[in-house]
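Right, one structure below, let's go through it.
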Amino acid sequence: MKRITDAFSRAKAEGRGAFVAFMSIGYPSIEKSEVAVETLISEGADIIELGVPFSDPFADGAVIRSAAYEALRQGVTLADVLALASRVRARHPETGLVLFSYYNLIFSNGLERFADDAAAAGIDAVLAVDLPLEERDELLSVLKPRGISYVPLIAPNTPMERVKESAAGLDNTFLYVITVKGITGARKELPKELSARLDEIRAAVDLPIAAGFGISTKEQADEVSRHADGYIIGSALVKRFGGAA
Amino acid sequence: MAKGHFGIYGGQYVAETLMAPLKELEAAYEEAMKDPAFKAEFESLLRDYVGRESPLTVCRRLSEHLGGATIVLKREDLNHTGAHKVNNTIGQALLAKRMGKRRLIAETGAGMHGVATATVAALFGLECEVYMGAIDVVRQAPNVARMKMLGAKVHAVEEGSATLKDAMNEALRDWVTNCDDTFYVIGTAAGPHPYPEMVKEFQSVIGRESRRQSLEKFGRLPDMAVACVGGGSNAIGMFAGFMDDKDVKLVGVEAGGKGVETGEHAASINGGRLGVLHGAKTMLLQTKDGNVIDTYSVSAGLDYPGVGPEHCHLHDIGRVEYAVINDDEAISAFDDLCRFEGIIPALESSHALAEAIKRAPKMPKDSIILVCLSGRGDKDLENIMNYKKKFDV
């Protein structure tokens, strides 16, 4: 099954960018984040990124960090996130599901075991924030046999040659193009050079590309969609569905 | 392909945005290492600014009292700024200057690395911001004052356990945002490649000097070299000098806090399992789910859940033994050094000293234990007074 490829194809056929929605799972509670995921799918999210809470979220801005700490306070683990994923999968056979995690959570109890659990939960692809090209082979070697893909991150300072290497050998996924140097979180303005950068990346690879970090408004999403195959919204959604547990 | 691995440990587990700055750093570092002018400037600063070489001091009264091996101290506490940390910050600041960076950032636990970074920032006319866990800001207040005096901005990090690991998280967030003009001065032999290798290179002066001084002074090498291990920079610097001397037993000492069995400790090699944090595969103190555990040690500088990847490897291959010293043993060793030798050691270094004190009586009288006295203890006095009041010792 190529749910991620299909999601981008569907959006393209409808003349829009694919909507990739990130949720910090377990915030404000497992139940409420599950409701949030349902709401997002009903509002047209094509792909859901399920954020696993980690004790040391060094790539995240204040909103996602606070959400992770609250989820951890409630004892939410990777197993809980995967259990939620399998429930969502049962209800939505077509929605793309990306597990979004720091590497230690998926590495420290054994990659084989993780890959089995992720496959059983219906995860389509994994994104590990701190697993660059140089280190990803050990994870890919357990994901591929189980039909799970991987989402590479592309930074503003990633050279084009490296962009191509990052995309090589992957299927049923997209390139997550980070719009700004920095951490996650809404920004009033996206960098001026972003459009040209997206055009350049899109021309260089066969995979769809989606832009993320700093995108919070419909205007920003529309602007980005002119130069990318999709857009990712994270912190703004976490904020929207947050509030009292 | 993947670089900077030590056995199964190390690597570059960072966000993609940091790969370009890491490659830039790696290239600059490799080029600098081949440049005699860089080496000459580094060495002249170690001599004329830091005050190297640092002496070896024989602990006569303490050794007599223990009645076994002679304990000898490598006096890194006598360096300018009061610890070994400055060896590394000079090296990294020279690199920063070479790379045209205008701003230094650093994480710090005990504050010694923060002070050493603030110091070289002043020396080279660079901006400096230091991230420090809010708990450490309180328990190492004198060092916070020193950093501010030197012109650095100190950020108290309130998140997570509010100690060294959280300071490092915040420094990484700063670096990922400002990597164009900012150099991240990592203080320990941990983090992504090339930091573990680079920090070892800059700290290896400790081991090289010690080896030569030992030959000059005693006509032979020590039987054992002991150093404390948080991230492990003074230890890797000391061990580097003796790595090929198979007869010199090397012992790293981790912080046992209230005892490894209590769970309140910072002994990553002895009490952790394989994980990934702050850019490297390392032995990590973590929950069964893979979240990082709040560590505990009376010594802020050892209060870190991971450890330098090369130490993990040296443990695996059996070249270095890693022991554990608890808070109470470290405090007792601190007292001993003060009263027998008139030297006030850092709490971190007191862990290494405590291990030597344990072993000395069991060793022959003509044997020598070399202890890396990595820093001085002025910063710890209030902390120790409070500890003694609390536990009535």
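If you're wondering where the values come from, they're calculated on a predicted model, not measured in any experiment.
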| query | Looking only at heavy atoms, which of residues 157-173 of chain A get nearer than 4.5 Å to chain B? | reply |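 So far as heavy atoms go, A:N157, A:T158, A:R162 are the residues that approach chain B to under 4.5 Å.
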| query | At a heavy-atom separation under 4.5 Å, does B:K23 approach chain A through its side chain, its backbone, both, or neither? | reply |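 Side chain only.
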| With only heavy atoms counted, which part of B:L284 is less than 4.5 Å from chain A, the side chain, the backbone, both or neither? | side chain
| message | Counting heavy-atom pairs closer than 4.5 Å to chain B, which one of A:V129, A:N109, A:T77 comes out on top? | response |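 So the answer, after comparing A:V129, A:N109, A:T77, is A:N109.
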| remark: With chain B, the option among A:V180, A:D56, A:L153, A:L131 that has the most non-hydrogen atom pairs under 4.5 Å is A:D56
| side-chain hydrogen bond (donor to acceptor under 3.5 Å, both in side chains), paired with A:K181, selected from B:D180, B:N178, B:T17 | B:D180
| So, does A:S55 use its side chain to make a donor-acceptor pair with the main chain of B:N291 at under 3.5 Å? | no
| task | Using modelled atom types only, decide if a donor and an acceptor are shared between the side chain of A:E135 and the backbone of B:Q12 within a distance under 3.5 Å. | result |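 Looks like yes, one N/O pair under 3.5 Å.
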| query | Does B:R173 reach the side chain of A:R65, with side-chain heavy atoms less than 4.5 Å apart? | reply | yes
| field | B:D289 and A:L78, any side-chain heavy atoms less than 4.5 Å apart | value | no
| field | Spatial distance of atom CD1 (A:I183) from atom CG (B:L172) [nearest 0.5 Å] | value | 11.0 Å
| said: Between B:E159 and A:Y69, do the side chains contain a donor N or O and an acceptor N or O under 3.5 Å apart? | reply: yes
| Highest number of heavy-atom pairs under 4.5 Å with chain A: which of B:K288, B:E170, B:K281? | B:K281
| field | Over 12 non-hydrogen atoms of neighbours within 6.0 angstrom of CZ in B:R273 | value |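 Above 12, so yes.
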| query | Is atom CD of B:E261 surrounded by more than 12 heavy atoms (other residues, nucleotides or ligands) closer than 6.0 Å? | reply |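 Yes, CD of B:E261 has more than 12 neighbouring heavy atoms, counting only those of other groups under 6.0 Å.
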| request: Check whether A:I178 gets within reach of chain B through its side chain, its backbone, both or neither, counting any heavy atom under 4.5 Å. | output: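 For A:I178, side-chain heavy atoms alone lie under 4.5 Å from chain B.
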| said: Less than 4.5 Å to any heavy atom of chain B: does that hold for the side chain of A:L72, its backbone, both, or neither? | reply: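 Contact with chain B: side chain only.
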| said: Using 30° and 60° as the class boundaries, would you call the ring planes of B:H278 and A:F58 parallel, tilted or perpendicular? | reply: tilted
| A:F54 versus B:G290, closest heavy-atom pair with distance | CE1-O, 3.4 Å
| task | Might you work through the side-chain contact (heavy atoms from CB on, under 4.5 Å) test for B:L274 and A:F107, ending with a clear yes or no? | result | CA-CA 9 Å; B:L274 184 62; A:F107 168 78; 3.7 Å; yes
